[in-house]
Each structure stands twice: as C-alpha cells, then as structure tokens.
Amino acid sequence: MIPIAQVVLEEDEIEAVVRVLRSGQLRQGPLTAEFERRFAASVGARYAVAVSSGTAALHVAYAALLQPGDEALVPAFTFFATASMVSAVGAKPVFCDVDPHTFTLDVDDARRRMTSRTRAIAPVHLFGTPAHIEEIQRLAGEHNLRIVWDAAQAHGARYRGKDIGSFDDVVCYSFYPTKNMTTGEGGMITTNDEEIYRRCRLIRDHGQEAKYYHTVLGFNYRMTDIAAALGIRQLQKVAGWVQKRRQNARYLTEHLHDVPGIQVPVERPGAESSFSLYTIALDLEQFACDRDEFVGRLHEKGVGASVHYPRPLHHQPFYRAEYGHLSLPVSESLSARVLSLPVHPKLTQEDLDRIVKAVREVAEETRRSAAR
Ligand SMILES: Cc1ncc(COP(=O)(O)O)c(C=O)c1O
C-alpha cells in the first residue's frame with residue numbers, strides 16, 4: 001500500500017535527538033529557544049513560541065486574544081481543534097461555510113455571520129492551500145477582529161511571495177508526524193506583535209511571570225529539547241520537501257484533471273499551496289458509488305487514500321445539539337465527496353503512476369452508465 005503520509009527521518013536527526021538524550025537536558029531549554037529563533041526567521045515573523053502540539057498552539061493563541069463570551073468565526077470544514085480550542089477558552093465558535101474551490105473559509109459567509117460579539121476570525125490554510133488572505137484582512141480591518149491563522153497543515157505555503165507564517169496577528173502550526181515537518185508531537189506560534197508574544201509565552205508556562213509567581217491562567221504546553229532538536233533539523237529540510245510535494249501535486253493534477261467527475265485542487269495566482277494533502281472532490285452524480293466505496297476500491301489497488309474530513313464540525317456529536325440546525329451546504333457536501341491521495345515527498349515516479357492509474361480505473365469502474 002502506498003501510504004497517505006510517511007515521516008522522513010534521517011540519520012542526522014536521529015543523532016541530534018540522541019545527543020540531547022545523552023546530555024540529560026530533556027526539558028524546554030536552549031534548543032527550544034534556538035528552534036524558535038530559526039523558525040521565526042525562516043517564515044519572516046518577528047517572534048515564535050514553541051509548544052507541545054498544534055492544538056496547544058491554538059489554545060494558547062485564543063487564550064491570549066479572546067475573553068469568555070466572545071465569538072470567533074471558524075470554518076465548519078476543518079479539523080476539530082480549530083473550533084474546539086475556541087470553546088476551551090469559554091468563547092463561542094461561529095461556524096461558517098467554505099469556498100467550494102479552495103475549501104478554505106468563505107469570507108462572504110463569515111461576514112454575514114458576524115454579530116456585535118465577534119472578536120476574532122480563525123481561517124485555516126486547509127491542506128496547505130492559503131486561505132483568502134486579503135479578503136480576510138479587509139474584513140478583520142473593518143471590524144477590528146483579531147486573526148488566528150490555523151497553519152497546522154501549511155508549513156511552506158506562500159501568498160504573494162510571503163510565507164504564510166509572517167502574517168498578523170497569530171499563526172499556529174502543528175508538527176504532528178503527518179505534517180510537512182515533524183517533532184513527534186509539537187507546535188509553533190508565530191507573531192509580529194510583542195505583547196501577543198509575551199502573553200503566549202506566559203500562557204504556555206502556567207502564567208508564570210517569575211518562578212512560582214502566576215499572573216494569568218496558563219498551562220504546561222512547553223516543548224521538550226528532544227523535540228526541538230528534531231525540529232531544528234527538519235526545518236533545514238522542509239523547503240525541499242515542500243518543493244517535492246508541489247512537484248508531485250503538479251504531476252497528479254496533470255494526469256487527473258481531465259477525469260470526468262473529479263475536481264482536482266486549484267491554485268489561485270500568487271497562492272502557493274504546500275500540499276500537506278492532495279484532496280480531490282467527487283461529483284457523486286457521475287459515479288454509481290459513494291465516496292467511501294471509491295476509497296475502498298483505491299485501497300484494493302494499493303493506494304492509501306484517506307478522508308479529511310468525513311463530517312463538518314456543526315455535525316460533530318460535541319457540537320450537534322447547539323449547531324446541528326445550521327445549513328452550511330458546501331461544508332456538508334464536501335464532507336461526503338472529498339478524499340485525499342498520497343502526495344508526500346517519499347513518493348517515487350512509479351508510485352505516482354500507480355496512483356494515477358488506480359484513480360482513473362476506479363472512476364471508470366464506478367461511472368454511472370448514463371455518464372459513460
Ligand atoms: C487544521 C488543523 N488544526 C489543528 C491541528 C492540531 O494539531 P495537533 O494534532 O498537533 O494538535 C491539526 C492537526 O491535526 C490540523 O490539521
């Protein structure tokens with residue numbers, strides 16, 4: 001089976017981790033500080049705060065910017081944590097629909113859902129595709145909203161020549177092993193605002209202004225130097241891996257865009273995806289099967305396709321009672337129609353050809369006779 005994701009871990013990274021283990025300095029220390037400096041420099045942000053996961057990054061960012069009762073505009077088609085961490089700080093996620101082409105936040109829909117309590121907007125660069133950055137900045141500027149960019153899947157994505165990690169107010173990354181770079185578990189927050197940086201550092205470490213002197217509610221979301229050693233090495237390689245992902249994506253698009261009933265990822269001018277995932281959408285009218293059967297058939301042919309995400313957030317059991325009545329047609333439709341194909345940098349040309357062949361075959365085998 002060609003896996004949907006594969007960690008790239010080389011000897012120098014393993015040695016770097018072993019050196020930390022031998023040193024006995026395991027907790028957050030100088031390597032974490034070095035990782036933060038290098039990460040901030042690599043994305044063009046003034047500050048970076050390393051944390052223990054992407055979820056922790058979002059929790060810290062929302063805690064730094066939101067008060068209980070505030071509302072934050074969040075896409076309904078994303079991973080749970082984009083919204084659940086808004087709930088975790090006592091604020092309210094307001095679910096918005098997504099654009100059917102980019103799968104990122106539909107800014108017009110977000111505008112319609114604003115109230116007098118809206119304080120923030122949390123766009124997601126989903127699958128590595130930059131969100132509609134300028135429209136989001138305009139909306140935020142007009143209404144004095146804070147922007148928390150969820151870049152968990154978007155290391156190396158660029159917008160009009162700038163890394164997406166350099167945008168205001170706060171950018172949150174994940175280093176989970178399926179992401180473009182990894183520290184095992186881990187996350188990073190970048191910002192250009194000194195006060196936000198100060199607050200995020202405090203919240204990461206129990207709100208301790210000085211040892212055992214706690215001024216705000218905080219948590220233990222510190223990164224270990226073991227993870228940071230890995231992160232420093234991975235950071236040196238991630239641009240090359242992203243380039244390979246982009247090449248792989250281009251090949252898949254070239255060879256799949258003409259398959260009737262299959263929508264391939266779009267790249268708008270100036271918006272460079274980092275292709276954390278290569279996600280296609282099926283026009284189910286054209287196939288005599290549902291998406292899950294399509295995925296099952298790809299598995300039978302050795303292609304590790306997967307589904308991100310099978311259920312929009314307002315239909316998740318945790319949110320259904322409060323939000324289940326909402327109509328977010330694009331999010332609902334995409335959840336039933338999307339599937340992701342392997343695009344990671346370890347793919348060989350033979351793998352790419354096998355993926356293309358399998359998708360084309362399954363599309364033909366399952367095509368409705370009227371659509372043939
Ligand atoms: C869009 C998005 N947001 C947040 C997260 C949370 O990151 P982590 O798994 O590191 O907590 C993820 C990762 O799965 C994600 O894909």
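Numbering of ligands and ligand atoms starts at 1, following listing order.
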Trainee: Among the heavy atoms of F127, does any lie under 4.0 Å from an atom of ligand 1?
Mentor: no
Trainee: Would you say Y176 and ligand 1 have an N/O pair spaced under 3.5 Å apart?
Mentor: no
Trainee: Once you restrict to heavy atoms under 4.0 Å, what part of F80 touches ligand 1? Side chain, backbone, both or neither.
Mentor: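 Under 4.0 Å from ligand 1, F80 contributes no heavy atoms.
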Trainee: Please state which protein non-hydrogen atom is closest to atom 11 (O) of ligand 1 and give its distance, to 0.1 Å?
Mentor: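 Here the nearest protein heavy atom works out to T55 OG1, 2.5 Å.
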Trainee: Below 4.0 Å, non-hydrogen atoms only: which portion of D150 touches ligand 1? Side chain, backbone, both or neither.
Mentor: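 Answer for D150: side chain.
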Trainee: Would I164 and V170 show up in the same hydrophobic cluster when neighbours are defined by side-chain heavy atoms closer than 4.5 Å?
Mentor: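 They do not share one cluster, since no chain of ILVMFWY contacts under 4.5 Å joins I164 to V170.
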Trainee: Could you check whether E71 and T115, counting side-chain N and O atoms only, form a donor-acceptor pair closer than 3.5 Å?
Mentor: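 A donor-acceptor contact under 3.5 Å links the two side chains.
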Trainee: Taking both backbone and side-chain atoms of F79, is any N or O found less than 3.5 Å from an N or O belonging to ligand 1?
Mentor: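 For ligand 1, there is no N or O atom that lies under 3.5 Å from one belonging to F79.
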Trainee: Does H308 have a heavy atom less than 4.0 Å from any atom of ligand 1?
Mentor: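 False for this residue.
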Trainee: Return a yes/no value for T78: is any of its N or O atoms, backbone included, closer than 3.5 angstrom to an N or O of ligand 1?
Mentor: no
Trainee: For the ring pair Y309 and F80, is the centre-to-centre distance below 6.0 Å?
Mentor: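 No, ring centres 6.0 Å or more apart.
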Trainee: May I ask whether M223 and Y221 are part of the same hydrophobic cluster, defined by side-chain heavy atoms of I, L, V, M, F, W, Y residues being less than 4.5 angstrom apart, directly or through others?
Mentor: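 No, separate clusters.
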Trainee: Considering only heavy atoms of S174, which atoms of ligand 1 have at least one such atom less than 4.0 Å away?
Mentor: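 Selected atoms, number and element: 7 (O), 8 (P), 10 (O).
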Trainee: Atom 16 (O) of ligand 1: which protein heavy atom is closest, and how many Å away?
Mentor: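 Residue, atom and distance for the closest contact: Q153 NE2, 2.8 Å.
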Trainee: Would you confirm whether T224, through its side chain, and R27, through its main-chain N or O, come within 3.5 Å as a donor-acceptor pair?
Mentor: no
Trainee: Distance under 6.0 Å and angle within 45° of the ring axis: does K162 meet both against F167?
Mentor: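 Ring-cation test returns yes.
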Trainee: Who pairs with S53 by side-chain hydrogen bond (donor to acceptor under 3.5 Å, both in side chains), at least two apart in sequence or on another chain?
Mentor: none
Trainee: How close does the nearest protein non-hydrogen atom get to atom 15 (C) of ligand 1, and which residue and atom is it?
Mentor: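 Minimum-distance protein heavy atom for atom 15 (C) of ligand 1 reads A152 CB, 3.4 Å.
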Trainee: Locate the shortest heavy-atom distance separating V338 from F77; write the atom from each residue and the value.
Mentor: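 Closest approach of V338 to F77, heavy atoms only: CG2-CZ, 3.9 Å.
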Trainee: Tell me the protein heavy atom at minimum distance from atom 13 (C) of ligand 1, and give that distance in Å.
Mentor: K179 NZ, 2.9 Å
Trainee: Please could you name the atoms of ligand 1 that Y309 approaches to less than 4.0 Å, counting only its heavy atoms?
Mentor: 16 (O)
Trainee: Taking the six-membered ring for Trp, are F287 and F294 closer than 6.0 Å centroid to centroid?
Mentor: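 F287 vs F294: aromatic centres under 6.0 Å.
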Trainee: For L58 and ligand 1, answer yes if some heavy atom of the residue is under 4.0 Å from a ligand atom, otherwise no.
Mentor: yes
